[in-house]
Structures are given as structure tokens and as C-alpha cells.
Amino acid sequence: MGICRVLALNPEFEHDPDRRSMMITTLRAVAATLVTVGSTLALVVSGPAAPASAGVLDVTCTPPSSNGISYSPPLTRSPQDVTIDVTTQYGPCVSAGNPALTSGHRTISLTQPGFSCLELLNSGPVTFTITWNTGQTSTVSANYSATVVGAALVDVRTGTVTSGLFTGSTVVQTTTGPATDVLLCTAGLGTVSGIYSSVSLEITSV
């Protein structure tokens, strides 16, 4: 119903300019509110925009893929110079675009000064290179976050392949191992000589 018709149905407003002006203002506000509500309902009914298409899985590696780390001397709660050896075995791996790719590995050996078991629950940037059974490599730049979930030490690394096979694709790697030694060490009640974890890896192109 239009504003003029509402006023026509209420002739007393013709003899009271103040009430007439107030009524016009109120009706205009109500009309504006109805327009806004109508627009909102239209958006709800039509639903959100369709999500972007899902990425294409370049390769996935599942357990018994594994990650073994040894510390020499064993980690304590006090910082010390430690030699760290890491061996990661990826496989079985499946790649629709590279069916010959079935496994991979990476090895690291370094001496870390001032290292303690408290560092095992840190987060930060990391770079690593995977060598595939095809002889190709993928270098990954990622951020990692290590947390204790129940009785497990869970390390999640998310990032991007910066060079080599699958360059530009996103990476999610999760390692899951026992947290008992780590928790005892961080409490000052034990040491950590090594950690053995299962590994899941997904590399996905956008």
C-alpha cells in the first residue's frame, strides 16, 4: 500500500501537519526495511555461490610410509649440541598422472646446537626435498606445527612444492608417533633417543 493511500485512509492527518510528517517518515523507514529484508531472503533462498572446483590429487602416500628420527646424544630438557638423523620412506604412493611413481624417500643429517626436547613441540618454517623412485625430486617449503594429541605426537606440515615435480602444488604431510618419551622428557623425567612415526602425504594441484 502506498504512503499517499495510507494518508488518504486517515483524513485526520490532513489537519495535523506534524503527525502527517511523522507518519510519512515512519512509513518510508518501514518500506526501506522491507526492501532490505527481501534482498536478504533472496540471497538465502538462492544459496551461496558454487564453491571453486576441488584440486586434483597429484600424489598420495599412505602408511606404512614412515619417518624415523634419531638424536645423538639423546635429548634432555637442557639444551645441548645434538646430531639429528632423519629418514623418511614414502610408500605406497599413488599418482594418476605419474603411474610409475610408487614411492619416495628423503634423508637429513645435521648437528643442531642448543637443542632440547622442548623444541619438539615448536612450530615454524621448514624446507625438505623428496626424491621419488622415478629419479625426480620435489622441493617443499612448508610450515610445521607439532602438538600432543592424546598419546600421540602429531606433526602437520602444510606448504607448496617450490621446485621439481609438482611445482606449484599444495602439500599436506602428517606424521603421527608416540608422545610418551617426549612428555616425560619435557617434564624432566626422561630422554628422547628417537621417534618413529607413520606418515601420510598428499600433494594437490589447484
Side-chain angles (χ1 to χ4, degrees), residues 58-95 101-167 169-203:
D58 292 323
V59 62
T60 179
C61 303
T62 55
S65 298
S66 62
N67 185 69
I69 307 177
S70 64
Y71 304 101
S72 180
L75 300 181
T76 68
R77 203 172 189 278
S78 301
Q80 59 183 330
D81 293 350
V82 178
T83 298
I84 305 174
D85 292 304
V86 182
T87 300
T88 308
Q89 298 290 341
Y90 299 95
C93 301
V94 176
S95 175
L101 191 159
T102 58
S103 64
H105 71 277
R106 69 183 183 98
T107 57
I108 301 172
S109 183
L110 57 88
T111 298
Q112 187 70 39
F115 198 76
S116 75
C117 56
L118 297 175
E119 314 298 329
L120 299 179
L121 299 178
N122 280 350
S123 60
V126 63
T127 299
F128 58 93
T129 299
I130 302 171
T131 301
W132 304 106
N133 65 295
T134 58
Q136 298 163 293
T137 61
S138 298
T139 297
V140 178
S141 292
N143 288 308
Y144 76 91
S145 177
T147 56
V148 173
V149 181
L153 177 66
V154 180
D155 181 309
V156 179
R157 303 183 177 202
T158 57
T160 305
V161 178
T162 54
S163 66
L165 188 62
F166 308 125
T167 295
S169 294
T170 59
V171 176
V172 178
Q173 176 179 294
T174 304
T175 63
T176 305
T180 304
D181 287 351
V182 176
L183 292 175
L184 288 173
C185 184
T186 56
L189 301 174
T191 62
V192 180
S193 59
I195 302 173
Y196 183 84
S197 307
S198 63
V199 175
S200 295
L201 173 72
E202 288 189 354
I203 299 179

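Keep in mind that what you see is a predicted model, and the values were worked out from it rather than measured.
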With sequence neighbours excluded, what pairs up with S72 under the side chain to side chain donor-acceptor pair (under 3.5 Å) test? none
In chain order, what residues pass the side chain to side chain donor-acceptor pair (under 3.5 Å) check against D81, with sequence neighbours excluded? none
Listed partners of S78 passing side chain to side chain donor-acceptor pair (under 3.5 Å), at least two apart: none
All side-chain contact (heavy atoms from CB on, under 4.5 Å) counterparts of P74, not counting sequence neighbours: T191, S193
Nearest heavy-atom contact between P63 and S198 is CG-CB, 4.3 Å
Taking all atoms of both residues into account, what is the closest heavy-atom pair of Q112 and I84, and its distance? CB-CD1, 3.9 Å
Could you tell me which non-hydrogen atom of P92 sits nearest to which non-hydrogen atom of S65, and how far apart they are? N-OG, 4.3 Å
side-chain contact (heavy atoms from CB on, under 4.5 Å), that's the test. Do V199 and C61 meet it? Break it down for me. CA-CA 8 Å; V199 175; C61 303; over 6 Å; no
Calculate, to the nearest 0.5 Å, the distance between atoms OG1 and CG belonging to T147 and L120 respectively. 12.5 Å
Suppose we screen for side-chain contact (heavy atoms from CB on, under 4.5 Å). Which residues come up paired with I108, at least two apart in sequence or across chains? V86, R106, L110
Is there a side-chain contact between I203 and L165, using heavy atoms and a 4.5 Å cut-off? no
Determine the sole option in V161, V171, T160, V140 for which the side-chain contact (heavy atoms from CB on, under 4.5 Å) test with F166 is passed. V161
For the residue pair L75 and F115, what are the closest heavy atoms and their distance? CD2-CD2, 3.4 Å
Applying side chain to side chain donor-acceptor pair (under 3.5 Å) to T176 and not counting sequence neighbours gives none
Could you state the interatomic distance from CG (D85) to CD1 (I69), rounded to the nearest 0.5 Å? 10.0 Å
Output all residues satisfying side-chain contact (heavy atoms from CB on, under 4.5 Å) with V156, sequence neighbours left out; order by chain, then residue number. V154, T158, T174
In terms of side-chain heavy atoms, does Y90 have a donor or acceptor partner in Q173 at a distance below 3.5 Å? yes
Side chains of D58 and S169, donor plus acceptor under 3.5 Å: yes
Donor-acceptor pairs are to be reported for all side-chain atoms of residues 178-186 against protein atoms at under 3.5 Å, with residues two or more places apart or in another chain.
from: T186; atom 1: OG1; to: V182; atom 2: O; distance (Å): 3.1
from: T186; atom 1: OG1; to: L183; atom 2: O; distance (Å): 3.0

Could you list the donor-acceptor pairs under 3.5 angstrom formed by side chains in residues 124-133, with sequence neighbours left out?
from: T129; atom 1: OG1; to: T139; atom 2: OG1; distance (Å): 3.0
from: W132; atom 1: NE1; to: S138; atom 2: OG; distance (Å): 2.9
from: N133; atom 1: OD1; to: T102; atom 2: N; distance (Å): 2.9
from: N133; atom 1: OD1; to: S103; atom 2: N; distance (Å): 3.1
from: N133; atom 1: ND2; to: A100; atom 2: O; distance (Å): 3.0
from: N133; atom 1: ND2; to: T102; atom 2: OG1; distance (Å): 3.4

Name all pairs fulfilling the salt bridge (charged side-chain N to carboxylate O under 4.0 Å, His left out) condition that reach into residues 146-166, sequence neighbours left out, sorted by first residue then second. D155-R157
Taking all heavy atoms of S145 and all of S123, pick out the closest pair and write down the distance. CA-CB, 3.8 Å
Decide side-chain contact (heavy atoms from CB on, under 4.5 Å) for L153 and L121; before the verdict, give the C-alpha distance in whole Å, the side-chain angles of both, and the deciding distance to 0.1 Å. CA-CA 9 Å; L153 177 66; L121 299 178; 3.6 Å; yes
